[in-house]
Amino acid sequence: MPAVGITLTLPRGAREGLLQRNFRAGVDIGGTFTDIVLLGDEGERYTKKVSSTVDDYARAITEGLAELLAEIGGEARGIAELLHGTTVASNAILEHKGAKTGLITTKGFRDVLEIRNLRMPRLYDMSWTKPAPLVERRLRVEVDERVNAQGGIDNALDEASVERAVRFLLDEGIEAIAVCLLHSYLNPAHEIRVKDIVTRLAPDVTLCISAEVLPVINEYERSSTSVINAYVRPIVERYLNRLTAEVKRIGIDAPLLLMQSNGGLTTAKAAAVTPMHIIESGPAAGVVGVQALTRRIGIDKAISFDMGGTTAKASLIENGEVTRATEYQVGAGIVLGSRLLSGAGYTLKVPAIDLAEVGAGGGSILWIDSGGALQVGPMSAGAAPGPVCYDQGGSEPTVTDANVVLGYINPAQLVGGALKLNAEKARAIIAEKIARPLGMNVEEAAHGAHLIAASNMIRALKAVSSERGRDPREYALVAFGGNGPVFAAGMAEAMHIPQVLIPPSAGVFSSFGLLYAEVEYYFTRTRKRLLRSIEPGEIQGIIDGLETEARTRLSEDGFAPEHIELRRSASLHYQGQSFELRVPLAAGRLDATALATLEEAFGVEHERTYGHRAGAEEPVELVSLEVIGRGIPDTPRAAAAAAASLAPDITIANPKRRAYFGPQDSWCDAKVVNRSALKTPHAGPCIVEEYDATCLVPPGWTARLDQYGNLVLMR
């Protein structure tokens with residue numbers, strides 16, 4: 001598929017002015033498109049969508065950036081910062097294409113990755129089998145040593161067993177080694193010695209030890225996270241080295257920062273060492289953008305909804321804060337946010353924005369199951385060959401084909417008209433593979449597919465709202481992604497959500513969300529103690545150490561002390577519980593009063609999460625302490641991004657288009673307008689066409705433009 005983008009015709013003086021300006025660039029790789037946003041130092045916003053190049057993701061980025069700069073008359077040296085959301089690490093896990101990895105562990109604990117934590121995603125499905133470990137059994141080798149649960153050494157490290165293990169793994173041709181010894185989070189001495197031996201015998205092999213990667217309790221979670229980090233690290237290192245070289249080749253010499261799963265940015269250097277933090281890099285950026293948007297316009301409760309070409313993601317924002325999970329699973333297929341039905345993927349015990357995700361996107365394939373029922377996804381046509389209407393060799397009907405048949409998408413206007421759609425092929429494939437087998441006419445079949453896709457995505461919205469005790473009627477739905485604005489109003493109506501917001505540049509909003517994020521690092525240590533018996537000074541000592549690590553890391557990134565912000569938290573549970581809840585820990589020196597306040601905060605959070613709390617006599621146990629360090633630039637990124645201008649209008653060739661809205665409204669003449677036209681409210685049926693997305697306003701809905709450039713849809 002050819003690259004597609006926006007072409008601006010600028011006066012000569014404006015072009016010359018652009019040459020003197022700096023830009024911050026946000027780039028997000030999706031399953032179908034790679035999205036690029038340039039934000040100028042005076043608020044100019046320029047966007048581009050190019051087809052993702054799955055054989056070499058860096059190529060789409062560099063070609064897209066070069067073309068967009070050429071179109072606006074800018075220069076590569078004007079890029080001051082490059083922010084990136086990537087799927088490289090998650091794809092390596094999903095496709096089992098990571099490095100050949102070996103695991104060195106304590107004698108007797110070889111099968112921790114196999115046993116896992118006994119969680120089952122489908123409780124009564126006897127045919128379900130757990131995913132194969134990323135390290136096969138013969139590459140999991142034991143060494144003789146034992147650190148006890150108090151950090152004492154029961155059995156000294158047998159260094160000869162370590163040397164035998166390393167030589168065996170080298171003979172097997174491994175590319176990476178993970179080391180996870182029992183209780184090394186309390187006493188890392190043995191792991192550090194293993195590191196010395198591996199470094200001496202195999203200096204060129206990637207090495208990750210759990211004491212450095214994740215020094216926390218829980219044997220399976222620590223082992224799994226360390227293995228994942230080692231498994232993807234060579235892949236991510238090669239990708240980042242290539243991307244850095246390629247952007248320099250086209251003249252861009254700017255810092256490269258990557259989005260982490262928790263919504264903060266990290267340097268390319270740090271991401272190459274601990275890629276476990278960028279596994280869910282792409283989905284996090286859009287949620288960060290929604291957080292900034294809702295803070296700016298004063299909305300306390302919002303549901304973020306991102307629908308692209310392959311998946312749809314939902315997340316919750318309350319009181320200006322995103323919801324975060326302390327761990328999550330990658331490679332689990334459809335994720336609906338249930339903490340009870342986990343176990344289908346590989347566990348990562350690192351903080352991440354809490355998302356519910358379903359396999360529903362514009363490229364999702366429509367098919368009829370053995371019972372004669374129409375299904376949507378989770379299989380996707382992806383970027384190549386893409387939907388049938390792309391005319392690139394696709395042979396299976398998709399959600400995008402259905403939307404073209406229904407008249408929702410303009411075949412001549414996708415991504416500014418650079419990608420022409422073949423509406424006749426879309427209609428023919430829906431007729432052949434869906435309508436005729438089901439005994440329906442084409443528009444009924446296409447509308448049915450649209451409704452089923454919406455129903456699948458509503459599952460994700462419910463997973464983050466009603467299934468967690470929230471009433472969706474109290475929330476605004478913020479929809480973005482290339483396909484989100486097409487489905488948003490219909491989904492909101494089904495869930496009785498009163499208001500829908502479509503942000504500017506909705507189709508590339510995840511890339512734009514990158515421009516709101518700040519550099520952020522996460523540090524944690526396990527210290528399992530009953531809260532009422534621990535000395536405040538012991539906790540203070542651990543916190544001081546973590547804060548020193550955070551300040552050192554951020555100072556290395558160039559942040560002055562006054563531009564470093566630290567946040568503390570603690571993970572606790574009632575004694576005997578298996579899972580923890582994280583609550584904020586007050587700043588300042590800790591004393592008995594601060595610990596009593598922490599215990600009360602845990603009780604409040606336990607009641608909010610589970611609907612009850614234990615009595616005052618029930619002991620609360622501290623499990624781990626966490627510090628998040630944030631680097632705040634002279635001009636906060638969120639403030640600069642919020643001042644961005646709207647993207648320019650596109651040319652509307654035909655102000656009306658026939659669109660099908662179901663058996664009740666049937667075919668209607670829908671007005672086709674630019675976003676700017678909604679300064680005057682419009683009633684549906686109406687279609688808002690933009691370069692990067694299409695917004696559908698069904699009959700019975702109205703749409704207007706607010707003072708910040710958002711489309712506001714109301715029933």
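Computed over heavy atoms, backbone and side chain alike; hydrogens, waters and symmetry mates excluded. Count residues from 1 along the sequence. Owing to the predicted nature of the structure, the values given are computational and were not obtained by experimental measurement.
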Yes or no on salt bridge (charged side-chain N to carboxylate O under 4.0 Å, His left out) for Arg77 and Asp253, after CA distance, side-chain angles and deciding distance? CA-CA 7 Å; Arg77 58 186 172 86; Asp253 188 15; over 6 Å; no
Give, for atom [atom1] of [X] and atom [atom2] of [Y], the distance between the pair rounded to the nearest 0.5 Å.
X      : Y      : atom1 : atom2 : value
Met491 : Leu451 : CE    : CG    : 12.0 Å
Leu514 : Ile36  : CG    : CD1   : 12.0 Å
Leu501 : Thr294 : CG    : OG1   : 9.0 Å
Phe480 : Ser511 : CZ    : OG    : 11.0 Å
Ile252 : Phe23  : CD1   : CZ    : 11.5 Å
Asp557 : His563 : CG    : NE2   : 14.0 Å

Picking from Ile250, Asn22, Val247, Leu38, what satisfies side-chain contact (heavy atoms from CB on, under 4.5 Å) with Ile79?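 Output: one option passes, namely Leu38.
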Hey, which of Val376, Ile452, Asn456 is the one that makes side-chain contact (heavy atoms from CB on, under 4.5 Å) with Ser364?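 It is Val376; the other options fail the test.
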Could you verify whether a donor N or O on one side chain and an acceptor N or O on the other, from [X] and [Y], lie under 3.5 Å apart?
X      : Y      : result
Asn91  : Tyr57  : yes
Thr400 : Asn403 : no
Ser261 : Tyr328 : yes
Lys313 : Thr311 : yes
Gln499 : Tyr475 : no
Ser52  : Thr34  : yes

side-chain hydrogen bond (donor to acceptor under 3.5 Å, both in side chains) between Asp401 and Thr398: does it pass, once the steps are laid out? CA-CA 5 Å; Asp401 294 309; Thr398 66; 2.9 Å; yes
Looking at [Y], is its backbone amide N or carbonyl O close enough to the side chain of [X] to form a donor-acceptor pair, meaning the two atoms are under 3.5 Å apart?
X      : Y      : answer
Gln291 : Gly320 : yes
Asp706 : Gly709 : yes
Ser315 : Leu355 : no
Asn710 : Val712 : no
His84  : Leu258 : no
Thr267 : Ala270 : yes
Thr87  : Ser90  : no
Asp471 : Arg473 : yes
His682 : Thr680 : yes

Please determine if [X] and [Y] form a salt bridge, counting it only when a charged side-chain N lies under 4.0 Å from a carboxylate O.
X      : Y      : result
Arg459 : Glu467 : no
Arg324 : Asp354 : no
Arg675 : Glu689 : no
Lys248 : Glu246 : no
Lys301 : Glu318 : no

If you compare all heavy atoms of [X] against all heavy atoms of [Y], which two are closest, and at what distance to 0.1 Å?
X      : Y      : result
Ala460 : Ala356 : O-CB, 3.7 Å
Phe509 : Pro504 : CD1-O, 3.9 Å
Pro411 : Val404 : CG-CG1, 4.3 Å
Gly64  : Lys48  : O-CD, 3.4 Å
Gly394 : Pro385 : N-CB, 3.5 Å
Leu406 : Trp667 : O-CZ3, 3.9 Å

Carefully, step by step, assess Thr702 and Leu713 under the rule side chain to side chain contact (heavy atoms under 4.5 Å, CB included). CA-CA 6 Å; Thr702 59; Leu713 278 59; over 6 Å; no
Show the numbers, then the answer: is there a side chain to side chain contact (heavy atoms under 4.5 Å, CB included) between Ile317 and Val287? CA-CA 8 Å; Ile317 291 144; Val287 182; 4.2 Å; yes
With salt bridge (charged side-chain N to carboxylate O under 4.0 Å, His left out) as the test, would you mind laying out the steps for Asp692 and Lys49 before giving the verdict? CA-CA 7 Å; Asp692 48 42; Lys49 293 178 82 76; over 6 Å; no
Establish, yes or no, whether the cationic atom of Arg45 lies under 6.0 Å from the six-membered ring centre of Phe512 and within 45° of the ring axis.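 Yes, a cation-pi geometry holds between Arg45 and Phe512.
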Please lay out, stage by stage, how Thr266 and Glu520 fare under the test side chain to side chain contact (heavy atoms under 4.5 Å, CB included). CA-CA 6 Å; Thr266 184; Glu520 185 173 294; over 6 Å; no
Start with the C-alpha gap between Arg658 and Asp669, add the side-chain angles, then the distance that decides, and say whether side chain to side chain contact (heavy atoms under 4.5 Å, CB included) holds. CA-CA 5 Å; Arg658 297 280 287 171; Asp669 285 327; 2.9 Å; yes
Anything under 30° is parallel, anything over 60° is perpendicular, the rest tilted; go ahead and classify His450 against Tyr408.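 His450 vs Tyr408 ring planes: perpendicular.
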Parallel, tilted or perpendicular: which describes the rings of Tyr660 and His447, with under 30° parallel and over 60° perpendicular?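 Tyr660 vs His447 ring planes: perpendicular.
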More than 12 non-hydrogen atoms from neighbouring residues, nucleotides or ligands closer than 6.0 Å to NZ on Lys462, yes or no?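 Atom NZ in Lys462 is not packed in, count stays at 12 or less.
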